[in-house]
Amino acid sequence: MWRRTLSVLALLVLWQIVSLFMKPTILPSPIAVFAQLGQNLTQPETYSQLGVTMFRVVVGMIAGVAVGMIIGLTMGLTKIGEDLLDTWVLVLFTIPALVYGILCILWFGLNDTAAIVAIAVGSAPPIAINIWQGTKAIDRDLIHMGKAFRFGKATVLLKIVVPQLIPYILAALRYGLGIAWKIVTIVELIGLSSGVGYMLSYWFGNFSMIQVLAWTLLFTITLLIIEFAILKPLENRLTRWRPAAQIQRGAA
Amino acid sequence: MIMTESYLSIDHLHKEFPRRGDRPLNVLGDLDVHVEEGALLSILGPSGCGKSTLLNIINGLDDATTGEVRLAGRKVSTRTRSDVKIGVVFQQPRLLAWRTVRNNVALPLQEMGLPKDEIDDRVRRYLALVGLAEFADYYPLQLSGGMQQRVSLARGLAIEPDLLLADEPFSALDEFSARRLRQEFVRIWAETGKTILFVTHNIREAVFLSSRLLVITDRPARTYLDLPVTVPHPRKPEDDLLFELEKSVTEDFMRMEEQVRLEKEMTR
């Protein structure tokens, strides 16, 4: 943990040093940016803008994860599914997030639906690919064991297949979340009048470097909180059966 | 005289696996076996001779190409799996690494819909039986290979099967653990009187355990030898009679291998 802290501190020091040689309109000092962020946090509007973005990301992600998992499992567990879907998933995966943003705004108008659909469509393919790859690593002998003991289909899926996919599901969640944040800012930036992306666009329009950085920082901190407060503990809990993971946790 | 049907009857069982661009792989060739209820039948054969395939067909996980398997009077296939309770112990432990030892043994019992008290009770009893009572809360990867295999044995026994299919369950263990487990295994069999099919390639093990011993040939598998082992239980592994039997079965086994080798040369 101290290594992580050290690397963050090093970056802040570097930023501070570089900012000494720059005009504040080009690169304000980290102290000024944090002060601005602190001031922003006293205003209720900041929370409502962040909340709007979070809402879009969470709803879009839920849809994206559900669709991505179903597609990934279908591709991984059935030959027909793989043959029918793999080209499409790869094509959808290579389309830039910006394109989904533009298309959804044109189709659904300037509203939440556009953002949510764009996130869902953009995050589903990478999630599907992760799960699909995960199914390749499934231990078929364990499935055979389940069948030999006459487990029902649902039990085999939920208690033998899915647990083996958990590392892949977590990786997919992280990756999907990263993509979702990128898409939501793009959609908010080009079309919507609320959310973090809109605020970035607004302060960009006002040439306020310090606010652009303060909002970016808010965004980054939110992501870190999600990672360390939700994803990491979840991962530790779900993989505590691994001897290696236990040693790591014991040392941390 | 009326012929009573055997508990497990295997008639003209033939199984082949199609291979792309090649002749089908002939695994079982016209196998005939009749097993009486309560037998501990060892099936002894060279590695890769289709013993596991035979167990799969009996358990309704695979279909015969021709011939049939009847268990307790009913034909078995993948669509009509027998309602006889079948327990399985594999060569590898095949435990679910993310579940504790306790939950691994409990899972098949939960699937059977047993009440919770009964499940707890059985898990405790069968883990104690294999000597792992104090390891119930460990995860499989924290245990040695031998201990994992004992968990697997406990899982197979805990469902209290009418028919136990054991596929070389002790072959990956060190000799001392294997020896102790074999003795426990025979004791459980003698106590419960259930039917056991025990696949192995270890002649001494087969002789020590079984009430009847079946030697099958290399692919395609056919019965080469079928002999009762009448030495009464409990047996001592060092029993002279067992040694004699082991010697004669070994000789038969070698003769069979030689015969196969000659046949192969003839057809070449």
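Residue numbers start from 1 in every chain, and the chains themselves are labelled A, B, ... in the order their sequence lines are given, proteins ahead of strands.
With a 6.0 Å radius and a threshold of 12 heavy atoms from other residues, nucleotides or ligands, Arg79(B) has its CZ atom at or below the threshold. Around NZ of Lys194(B), the count of heavy atoms belonging to other residues, nucleotides or ligands within 6.0 Å exceeds 12. By the 6.0 Å contact criterion, NZ on Lys116(B) is open, its count of non-hydrogen atoms from other residues, nucleotides or ligands being 12 or less. The environment of OH in Tyr175(A) is sparse: at most 12 heavy-atom neighbours from other residues, nucleotides or ligands sit within 6.0 Å.
Residues Ile86(B) and Arg150(A) have side chains in contact (heavy-atom distance under 4.5 Å, counting atoms from C-beta outward). Contact annotation: the side chain of Phe90(B) approaches that of Met145(A) to within less than 4.5 Å [non-hydrogen atoms, C-beta and beyond].
Residue contact with chain A, scored on non-hydrogen atoms closer than 4.5 Å, involves the side chain of Arg99(B) exclusively. When heavy atoms are compared at a cutoff of 4.5 Å, Leu61(B) approaches chain A solely by way of its side chain, counted from C-beta outward. With a 4.5 Å cut-off on non-hydrogen atoms, Leu55(B) does not touch chain A at all.
For the set Ile160(A), Asp141(A), Thr155(A), Ile166(A), the count of heavy-atom pairs under 4.5 angstrom toward chain B peaks at Asp141(A). Options Gln110(B), Met112(B), Glu111(B) differ in how many heavy-atom pairs under 4.5 Å they form with chain A, and the most are formed by Glu111(B).
Contact between Phe149(A) and Gly156(B) at its shortest, heavy atoms only, is CZ-CA, 4.0 Å. Summarising the geometry of Leu107(B) relative to Phe151(A), their closest heavy-atom pair is CD2-CE1, 3.5 Å, with the distance given to 0.1 Å.
The NZ atom of Lys159(A) sits 10.5 Å away from atom CG of Leu96(B), with the distance rounded to the nearest 0.5 Å.
Along residues 63-92 of chain A, no residue comes nearer than 4.5 angstrom to chain B, judged on non-hydrogen atoms.
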